[in-house]
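First up is the structure itself, then whatever we jot down about it.
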Amino acid sequence: MDLKTHLTNQINQKGFLIVSHRGEWGGNIIQNTIQSTALASRLGADIVEIDICRTIDGEYYLFHEGHEKDLLHEERKFSEMTSKEIEEMPVYNSIASKSGYRINRLDDFLSWLPDDMVINIDRAYFYFDDPRLFSLLRESGKTQQFFLKAPVTIDYLTSFSENGEGLNFISIVSDSSELKIYEQYACDIHTIGYEIVFRQEDELAKYTDLLKDYPLRMANAIHLGTPHILAGGLTDDGALFQKGKDWEDILSAGFTAIQTDWPAFLNNYREEQWQNVE
C-alpha cells in the first residue's frame, strides 16, 4: 500500500493523526533517536518527526543543528565535525549528565524502523542537492514509510524535483502566495499533503481549497516560545490546560494532523473526545 492511501485510511479510522516532534524525549531519553521514536509510537503517535544533519565528511545522522551545546557539550556546529568525532562523542541528557547513548546514523535508523511506523524527515531540505542522500533513502527499501518536507523556495523545490522522484513530500506553506510558486513544481513532486504555518486564525480562509485536496493537512501545535507563532497562537500549552481546546480549534479548521510535543496527552484527547463524537 502506498503511503498516501495508508494515511487516508488512518485518518478515516482515527479522525486525525498525531505527529510527535522528535519522538518522545526527556529525562535520559534523547530527542531524534531510535529510543524516542519507539516511545512516541507506544504513546499513540501515528507519525514521528525526525531531523537530519550531515557531517563535514558527508555522513547523515539524526540531529537538529543548533543543539550541539545542549546534547554534545560542543561549541562547533555539527556540520563542521567528522563522522568519527560524532560517533565517539557522549550525548548528554536533560540534567547534563552522560546518557550512555550515541547519535544515530540515518542509515542505521532506517534499518531499524519497524514496518508499522511512519516518519517525517525534516531538515533534509538543506541537502536536496545531494544525490547520495536520495540513494540512501531509496536503498533503505522503506520509501512508503516516510515523507520529506521543506519550506517553499525555488532552490529546495528545484533540487527535490530533480533528485526526489517518487518520494513522498509535503510542503511547508507560511504564506498563501507561496502556493503559486509551488504550482510550478507540483507535477514533478509526489505531494501527499501540506503543513500550514499561520499567524492569525483568519488566515486559514486563504487555504480552504488547498485543505480539501490532500489527506495530510498538518498544523504545528508545538510551543517554541512566545516569538514563534506556528498555528495562529493555538498551542499544546493551550490544549493541555484547557481540556484540549486549542487542539479542538485546530481540527475544527480542517486539519487532519497535529504535530505535538505531547503525543500521549493528544492520544488521550483523541480517544476520550474526538473518537466519541458521533
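Values in this document were obtained by computation on a predicted structure and should not be read as measured data. When reading the values below, keep in mind they use all heavy atoms of this one structure, side chains included, and skip hydrogens, waters and symmetry mates. Sequence positions, counted from 1, serve as the residue numbers for this chain.
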*Is the shortest distance from a Lys or Arg side-chain nitrogen in Lys84 or Glu88 to a carboxylate oxygen in the other one below 4.0 Å?*
yes
_Partner of Gln145 by side-chain contact (heavy atoms from CB on, under 4.5 Å), out of Leu3, Asp115, Leu110_ = Asp115
_Within 45 degrees of the ring normal and closer than 6.0 Å to the centroid, is that where the cationic atom of Arg270 sits relative to Phe16?_
yes
_Assess whether a salt bridge exists between Arg76 and Glu68, defined as any Lys/Arg side-chain N lying under 4.0 Å from an Asp/Glu carboxylate O._
no
_Chi angles and distances behind the side-chain hydrogen bond (donor to acceptor under 3.5 Å, both in side chains) call for Asp155, Thr153_ = CA-CA 5 Å; Asp155 287 345; Thr153 75; 5.6 Å; no
*Going by an N to O cut-off under 4.0 Å, is there a salt bridge joining Asp130 and Arg132?*
no
_Donor-acceptor pair, side chain of Asp46 and main chain of Leu17, under 3.5 angstrom_ = no
*Got more than 12 heavy atoms from elsewhere within 6.0 Å of CZ, Arg42?*
no
*Strictly by modelled atom types, are Asp261 and His21 linked by a side-chain donor-acceptor pair under 3.5 Å?*
yes
*Give a yes or no on this: more than 12 heavy atoms of other residues, nucleotides or ligands lie within 6.0 Å of atom CD of Gln184.*
yes
_Test side chain to side chain donor-acceptor pair (under 3.5 Å) applied to Asn32 and Asp51, Thr37, Asp122, the passing residue_ = Asp51
*Would you say Phe169 and Ser171 make side-chain contact, with heavy atoms under 4.5 Å?*
yes
*Thr235 and Ile222, any side-chain heavy atoms less than 4.5 Å apart*: no
*Between Asp236 and Thr260, does a side-chain hydrogen bond (donor to acceptor under 3.5 Å, both in side chains) hold up when you go through it step by step?*
CA-CA 7 Å; Asp236 283 336; Thr260 179; 2.9 Å; yes
*Tell me, do Leu167 and Ile189 make a side-chain contact under 4.5 Å, heavy atoms counted?*
no
*Are Phe160 and Tyr125 close enough that their ring centers fall under 6.0 Å?*
no
_Under 3.5 Å side-chain donor-acceptor pair for Thr8 and Thr5_ = no
*In plain terms, say whether Glu87 and Arg105 are close enough for a salt bridge, that is, a side-chain N and a carboxylate O under 4.0 Å apart.*
yes
*Does a side chain donor of either Asp57 or Ser83 reach within less than 3.5 Å of an acceptor in the other side chain?*
yes
_Trace of the side-chain hydrogen bond (donor to acceptor under 3.5 Å, both in side chains) decision for Thr158 with Tyr185_ = CA-CA 8 Å; Thr158 299; Tyr185 298 88; 3.0 Å; yes
*Note, Glu162 side chain near Phe128 side chain (heavy atom, < 4.5 Å)*: no
*Please report the shortest heavy-atom distance between Asp2 and Lys4, naming the atom on each side.*
OD1-N, 3.1 Å
*asked:* Let's go through Lys69 and Glu75 carefully: what are the C-alpha distance in whole Å and the side-chain angles of both, what is the deciding distance for salt bridge (charged side-chain N to carboxylate O under 4.0 Å, His left out) to 0.1 Å, and is it a yes or a no?
replied: CA-CA 6 Å; Lys69 290 182 181 179; Glu75 294 292 330; 3.6 Å; yes
*asked:* What I want to find out is whether Glu248 reaches Lys243 closely enough, with some N-O distance under 4.0 Å, to be called a salt bridge.
replied: no
*For the pair Asn168 (side chain) and Thr143 (backbone), establish whether a donor and an acceptor sit closer than 3.5 Å, ignoring hydrogens and angles.*
yes
*Test item: Ser94 side-chain N/O and Gly27 main-chain N/O as donor-acceptor pair under 3.5 Å*: yes
*Step through the shown structure and confirm whether more than 12 heavy atoms of other residues, nucleotides or ligands are within 6.0 Å of CZ on Phe126.*
yes
*asked:* Aromatic contact between Tyr127 and Tyr60, with the criterion being ring centroids under 6.0 Å apart: yes or no?
replied: yes
